[in-house]
J.: 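What follows is a single structure, and I will ask about it in a moment.
What you see below is based on every heavy atom in this structure, not just the backbone, and it leaves out hydrogens, waters and symmetry mates.
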Amino acid sequence: MSRPGLLNRRLTVALGVAAAAALALVPATGAIAGTVKPATFNKHKIPVQLLSFNDYHGHIEQDAGTSSDGSVTFEGNRVPAGGAAYLSTHLKNLRKGHPTSFTVAAGDLIGGSTFTSGVFHDEPAVETLNAMGLDVSSVGNHEFDEGITELKRMQYGGCHPTDGCFQQDATGKDIAYPGASWQYLAANVVQTSSNKTVLPRWWIKKVGNIKVGFIGMTLEGTDTLVSPSGVAGYDFLDEVQAGNAAAKILQKKKHVKAIVVMIHEGGFQTGSYSGCTGISGPIVDIAKGLAPKIDMVITGHTHQPYVCNIPDPKGQRRLVTSAMSYGKIITETNFKLDTRTKDVIRKSEKAVNHLVTRDVPQDPRVVSIVDKWVTKAAGPGNRIVGSIAQDIKRATSAGKEDRSAESALSNLIADAQRDSTGAKVAFMNPGGVRADLLVANSPAGEAAGQITYRELFNVQPFSNILQSYHMTGAQIDALLEQQWYTNRPGGAEILRLGISSGFTYTWSASAPNGSKVDPASIKLNGVTLDPAATYRVTTNNFMADGGDSYTALVNGAARTGGKVDLDALVDYFLAHPALTAPATPRSTQAP
């Protein structure tokens with residue numbers, strides 16, 4: 001669609017949204033967003049372009065990615081990619097020649113972010129996406145990292161309730177955060193007591209006289225991937241049932257036949273960036289179950305690129321796409337609307353994944369936004385808080401992070417948390433460790449091996465609170481067994497915990513789930529744990545509330561709070577210069 005028209009719409013929406021911000025809940029009926037005047041090349045066919053991406057995670061700078069320069073392996077070559085200002089330019093270039101164009105996303109735009117965005121509660125990420133012309137997005141699990149209340153603030157605006165306003169005018173007066181100019185959708189997130197959705201289920205846009213409906217959802221297991229206390233009182237519904245229910249209402253009551261689903265759930269494939277070789281994962285069954293009235297599915301969560309055709313329940317071809325992560329890929333989908341049926345011409349659907357290269361000019365407006373926040377973040381971010389004598393990393397397999405293996409960095413974090421609280425043992429979830437610590441990495445130009453506050457933030461960006469409580473030896477045994485979990489929500493069946501020094505156990509890969517760990521092998525400083533005795537244990541609040549299906553932790557007694565996990569890690573680094581990687585693993589695999 002034309003950007004001037006979109007700007008006018010957003011100014012109108014912004015005024016209405018400000019008034020709606022005080023509402024506790026958004027009616028489940030969704031929103032109708034106006035009309036686009038299409039370019040009609042055939043009196044019965046209207047071409048439409050969709051540009052989509054997912055899992056942005058506040059990566060507004062150029063240095064985010066799988067290597068220090070942000071490059072990725074694209075079709076066999078290492079290519080520098082990503083950065084908000086480059087992403088914006090690529091979006092603008094792709095829109096050229098497409099009068100009817102929508103820019104959509106499949107969640108995790110915020111949360112798990114790099115320092116420059118995350119330290120300001122992702123207001124920088126939202127500001128860059130506003131400038132890029134994003135139209136609509138599903139929520140993802142990371143949109144709920146700081147709870148329902150903060151997600152609503154991200155949508156509707158207002159200063160942070162604890163940290164206040166991050167921007168001021170020339171006189172020093174606070175400038176309120178304006179909120180997102182695009183619409184977040186959450187068709188499968190409902191309040192338990194009322195069944196009302198936390199955000200609209202759909203967003204409708206008219207193209208000429210044809211309504212196009214967008215439904216947004218997160219994965220059903222979201223409540224196990226975030227702190228349960230932040231989403232208490234809300235249910236995350238089955239994706240197929242919620243999506244089909246919304247599509248049915250759109251078709252029957254709203255007279256919408258052209259329907260796009262954006263869902264924060266995904267799959268895995270081994271082919272090219274625009275391929276679909278051996279597609280697997282939760283999205284396959286979801287796509288097969290979504291009603292035939294849904295015309296295409298935009299996905300995310302797994303950080304994988306693919307362009308698939310997964311037949312709908314009637315056997316009709318249907319596009320299912322994903323654009324990797326961090327703003328490094330844009331999926332361009334083109335299709336035609338039939339003016340007679342008011343529906344998508346399914347056989348016209350075509351999609352390709354484009355790499356966000358850095359061989360184009362940066363969008364100057366986005367550059368100024370990024371530079372502003374980088375300057376604000378420089379002071380606290382560049383403070384030296386410690387040093388390492390060697391790289392300390394997450395576990396990897398085939399060059400990728402492997403959360404099914406115990407890692408040196410998770411173990412080091414567990415050491416820091418135990419020392420902070422004085423507990424006997426600490427456990428760290430692998431998903432809470434988001435970056436490696438490298439001797440050669442110098443984001444502020446510091447000496448090799450020096451570690452900045454920014455680097456530790458990038459390792460632990462979630463601001464979880466340490467929790468300590470009493471657990472019996474039997475409860476600790478149950479926790480260790482939960483590292484192996486059949487059909488764990490979120491897709492990872494094995495999530496190996498980081499464990500503090502002095503704690504050891506033996507496990508068997510061939511034993512059935514629930515019996516992987518030998519209880520007699522669980523020892524603290526060489527002494528076997530007594531199943532009936534109690535031990536003081538420390539975790540973060542995400543785990544303590546049962547996150548990642550570590551439900552054994554919920555049963556701990558005499559629970560007390562501690563420091564923010566990042567503060568405990570900073571303290572540990574300040575007290576232990578020239579840290580080396582802990583010997584790993586601390587557990588032992590049985591022959």
Side-chain angles (χ1 to χ4, degrees), residues 7 10-24 26 56-61 84-85 88 108-134 137 139 142-184 198-199 226-227 230 365-383 452-454 456-458 460-465 563-567 570:
L7 178 59
R10 285 188 172 142
L11 290 174
T12 302
V13 171
L15 294 175
V17 161
L23 296 177
V26 177
Y56 185 56
H57 288 293
H59 281 229
I60 67 174
E61 297 171 87
S88 184
D108 274 10
L109 303 180
I110 59 175
S113 301
T114 55
F115 180 81
T116 301
S117 186
V119 75
F120 299 112
H121 297 278
D122 274 316
E123 291 182 21
V126 174
E127 187 174 358
T128 61
L129 292 168
N130 285 347
M132 290 179 205
L134 180 63
S137 177
V139 292
H142 280 285
E143 264 77 20
F144 296 90
D145 280 345
E146 296 188 52
I148 296 286
T149 301
E150 177 65 1
L151 172 57
K152 290 181 179 180
R153 187 183 78 87
M154 287 287 98
Q155 176 73 81
Y156 300 123
C159 295
H160 191 271
T162 301
D163 295 337
C165 298
F166 298 120
Q167 299 191 75
Q168 292 74 37
D169 63 19
T171 67
K173 182 179 179 180
D174 284 339
I175 301 173
Y177 159 69
S181 61
W182 74 87
Q183 181 63 63
Y184 265 130
V198 65
L199 290 163
V226 300
S227 179
R365 182 184 176 193
V366 178
V367 168
S368 67
I369 293 169
V370 174
D371 287 348
K372 173 185 67 179
W373 290 108
V374 167
T375 299
K376 285 179 175 291
N382 294 343
R383 177 166 61 97
T452 64
Y453 183 76
R454 176 194 301 268
L456 292 190
F457 181 98
N458 288 341
Q460 287 196 281
F462 299 113
S463 297
N464 287 319
I465 308 298
K563 292 185 174 182
V564 172
D565 54 5
L566 176 59
D567 293 341
V570 169

J.: Rounded to the nearest 0.5 Å, how far does CD of E123 lie from CE of M154?
T.: 5.0 Å

J.: Minimum heavy-atom separation for D169 to T171, with atom names?
T.: OD1-OG1, 2.7 Å

J.: To the nearest 0.5 Å, how far apart are CD1 in I60 and OG in S117?
T.: 5.5 Å

J.: So, for S88 and M132, which heavy atoms are closest and what is the spacing to 0.1 Å?
T.: CB-CG, 3.7 Å

J.: Any chance you could measure I148, atom CD1, to L199, atom CG, to the nearest 0.5 Å?
T.: 8.0 Å

J.: For the pair H142 and F462, name the ring-plane relationship: parallel under 30°, tilted 30 to 60°, perpendicular over 60°.
T.: parallel

J.: Quick one: do E150 and D145 satisfy side chain to side chain contact (heavy atoms under 4.5 Å, CB included)? Show the steps, please.
T.: CA-CA 9 Å; E150 177 65 1; D145 280 345; over 6 Å; no

J.: Search all heavy atoms of P124 against all heavy atoms of T116 and return the closest pair with its distance.
T.: CG-O, 3.6 Å

J.: Using the side chain to side chain donor-acceptor pair (under 3.5 Å) criterion, which residues pair with S137? Sequence neighbours excluded.
T.: none

J.: Any idea which heavy atoms bring S113 and D122 closest together, and the distance?
T.: OG-OD1, 2.7 Å

J.: Please name all residues satisfying side chain to side chain donor-acceptor pair (under 3.5 Å) with E143, sequence neighbours left out, ordered by chain then number.
T.: Y184

J.: Tell me if a side-chain donor or acceptor on N130 pairs with a main-chain N or O of S181 at a distance below 3.5 Å.
T.: yes

J.: Classify the side-chain pair T114/N458 by whether it contains a donor and acceptor separated by less than 3.5 Å.
T.: no

J.: If you apply the rule side chain to side chain contact (heavy atoms under 4.5 Å, CB included), what do you find for I465 with V564, and how did you get there?
T.: CA-CA 4 Å; I465 308 298; V564 172; 3.6 Å; yes

J.: Partners of N382 by side chain to side chain donor-acceptor pair (under 3.5 Å), sequence neighbours excluded?
T.: none

J.: Mind checking the CG-CD spacing from D174 to Q167? Nearest 0.5 Å is all I need.
T.: 10.0 Å

J.: Determine, stepwise, if the pair V126 / Y177 fulfils side chain to side chain contact (heavy atoms under 4.5 Å, CB included).
T.: CA-CA 10 Å; V126 174; Y177 159 69; 3.3 Å; yes

J.: What class does the angle between the rings of Y453 and F457 fall in, given that below 30° is parallel, 30 to 60° is tilted and above 60° is perpendicular?
T.: tilted

J.: A side-chain contact here means heavy atoms from C-beta on lying under 4.5 Å apart; do R153 and E146 qualify?
T.: no

J.: Which atom pair, heavy atoms only, marks the closest approach of A84 to V370?
T.: CB-CG2, 4.3 Å

J.: With rounding to the nearest 0.5 angstrom, report the CG to CD1 distance, L129 to I369.
T.: 9.5 Å

J.: If you compare all heavy atoms of A176 against all heavy atoms of C159, which two are closest, and at what distance to 0.1 Å?
T.: CA-SG, 3.7 Å

J.: Hey, could you give me the CD/CZ distance between E127 and F120, rounded to the nearest 0.5 Å?
T.: 11.5 Å

